[in-house]
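Quick notes on the structure that follows.
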Amino acid sequence: MSRPGTYVLRPQQTREPRYRIRYDELLNPAQLDAVTAGDGPVLVIAGAGSGKTRTLVFRVARLVESGVEPHAILLLTFTRKAAAEMLRRASTLLDGRCDDVAGGTFHSFANIVLRRHGKALGIDSGFTILDRGDSEDVINLVRARLGFDKKEKRFPRKQTIASLFSMAANKSRPLVDLLEDSHGHLLEHADDLVALRAGYEEYKAERFLLDYDDLLLVLHRLLETQEQVRDELSRRYRYVMVDEYQDTNPLQASIVRLLASQHDNVMAVGDDAQSIYAFRGASFRNIMDFPDLFPGTRMIALEENYRSTQPILDVTNQIIAHARERYSKTLYTRRGDGDAPLLIAAEGENFQSRFICQRVLELREEGVPLPEIAVLFRSSFHSFDLELELTRHDIPFVKRGGFKFIETAHVKDALAHLRVVANPRDAVSWHRVLLILEGVGPRRAQALATELTSAPDAAEVLDAETGRAYSTALRALAGLLRNVRASRSPEDQLNQVLQYYEPHLQRLHRDDYPKRAKDLEHMVSIAARYKSLDSLLADMALEPPADSVGDVMAVDEPEGLLTLSTIHSAKGLEWHSVFILWAVDGRFPSLQSMHDDEQLEEERRLLYVAATRAKQNLYICYPINMYDRAAGMVLSKPSRFLEGISADVLRPMQLVES
């Protein structure tokens, strides 16, 4: 038998992808390095103002241009707005080809995954997400059932308990360990708190409820225990990018590792020098230990700053240079030189406030609009004297802080009516809805809520309540529920709720009814963006609007408002001119942090974040005389974080009376 002949195939010619975008012309060398990085783990240390968002946008576009399917890319951020903006910009670069890239917050991603795959853990796809206030109400209810509200010794408040449960979840630590470390005064309640947490978890499970922290906890459990789901998700998302990695908590870092179980194609972008959210459970160790979690990590540093003048960067570089542990980088800019930042020594707190008012007015005369000026501080109470002085000088301002939009009573009332339609077993929302009605007390509301959550038709139960002073109100509520159920548009559903709720709003909030009504008007415009009630309610819990419209618009100034803000609320923002208040030992850093190395280092990073918000002018202020409750008036010294910075870099200036 003759041997078969052979036919030799020539080597296949592989074509290099042709790129529409001229990356080398649009990016600096370090950004280009990050954008064109191949497979494998990459850690991008992105200094303040170094074009981090631009780098991520072009990275997404580059992957798609290289042939990666858009739906195989997952971009995790800390706000939905940030993810949407990045993907919008990437789509603009490539004529919409990035529209199918998956992007959102860890929590919104968890929400989507759990609704699709949660049944593997017994999680019903129709679960309701509790916001923080709802969680506190459930804790209060379970606490009462267990009799802890009747103990001889005062039991912790529901807000404190909710914070403890949340911190234990975010730090992945046993509750008792957390009490021993940072809440020793509550250790006597340890057994009861553990029992309360178990009761809280049982209550939620019975009613298809998940709180904000459950989303991450359950997602982590799903990925860890359900190999098939984990592998499916890892194969689907072959390229994972994480923004603001320094703000992740241990649970989120572990979720990222599990999502990359079939590959190591993870790009983490962040700045160790801007890790300032330990109080929320964020771990500085995550970004420092990323190379250990992903062996073979490639490191890229973005050091060219596009925000600040070089004199400002010289100060910020020196502030962070003394950090105990950090990645090495030195920020620089190609912008022209500016004035040296000033270290303002004021005789007392009021001198500090007067200086800021006078300098703000001067800047305005020089052509700097008020919205381009900010006063930043470590703690909210640091600005109280300044607020009085600004009022005396008739300088309009907005202060970032206080209640969030979603936490206001009137917004929670409106949402509760929608939630009982979406999930009739939501006893917390039923309780809130019923307590709005005149004549319905807490005991009756609880009994009715229990009956309503188990009834096939809640409206029929409400109609059946006759012979009571509030029977008419219950029938009106029943009519509302039927009308809302019959409508399919979230905007129409909310409008019906608000029409029903308006007389209750006027009765419950007589003093500031118009301002609250404006908030609810804003809420309707938000609802108009949604096609389903479930998605509206999920987003309100996952990423609520930040401010009450009434608060922000309280002063309608044609020239805008000066910004007063805590540094935590200012992260990610920038202004032409920035003032930093109370840069003295005992206030910044605080007395409490001086004996804890980790807290002290976080406060150093906090000052760094504040200073890097300034584009053109930076003023760091401190009063020489400081009031101490125990010692009276005492001499202060500038913050230890400013020690060693030369007078040429941070120019001292003493305030004097004319």
Name of the residue among L363, V578, T563, N617 meeting side chain to side chain contact (heavy atoms under 4.5 Å, CB included) with I373: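 It is L363; the other options fail the test.
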Reference residue L215; test side chain to side chain contact (heavy atoms under 4.5 Å, CB included); the match among F106, F127, F109: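 Checked F106, F127, F109 against L215; only one passes side chain to side chain contact (heavy atoms under 4.5 Å, CB included): F127.
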Salt bridge K615-E372, side-chain N to carboxylate O under 4.0 Å: yes
Electrostatic pair K52:D271 at N-O distance under 4.0 angstrom: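 The answer is no: the pair does not qualify as a salt bridge.
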Would you find more than 12 non-hydrogen atoms of other residues, nucleotides or ligands less than 6.0 Å from [X] atom [atom1]?
X	atom1	value
Q228	CD	no
E598	CD	no
D339	CG	no
R651	CZ	no

H71-Y237 aromatic ring centre distance below 6.0 Å: no
R62 charged N/C atom sitting above Y19 aromatic ring, 6.0 Å / 45°: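 Geometry flag: set, cation within 6.0 Å and 45°.
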Polar side-chain atom of T316 near backbone of Y608 as donor-acceptor pair, under 3.5 Å: no
Main-chain N/O of K171 paired with N249 side-chain donor or acceptor, under 3.5 Å: no
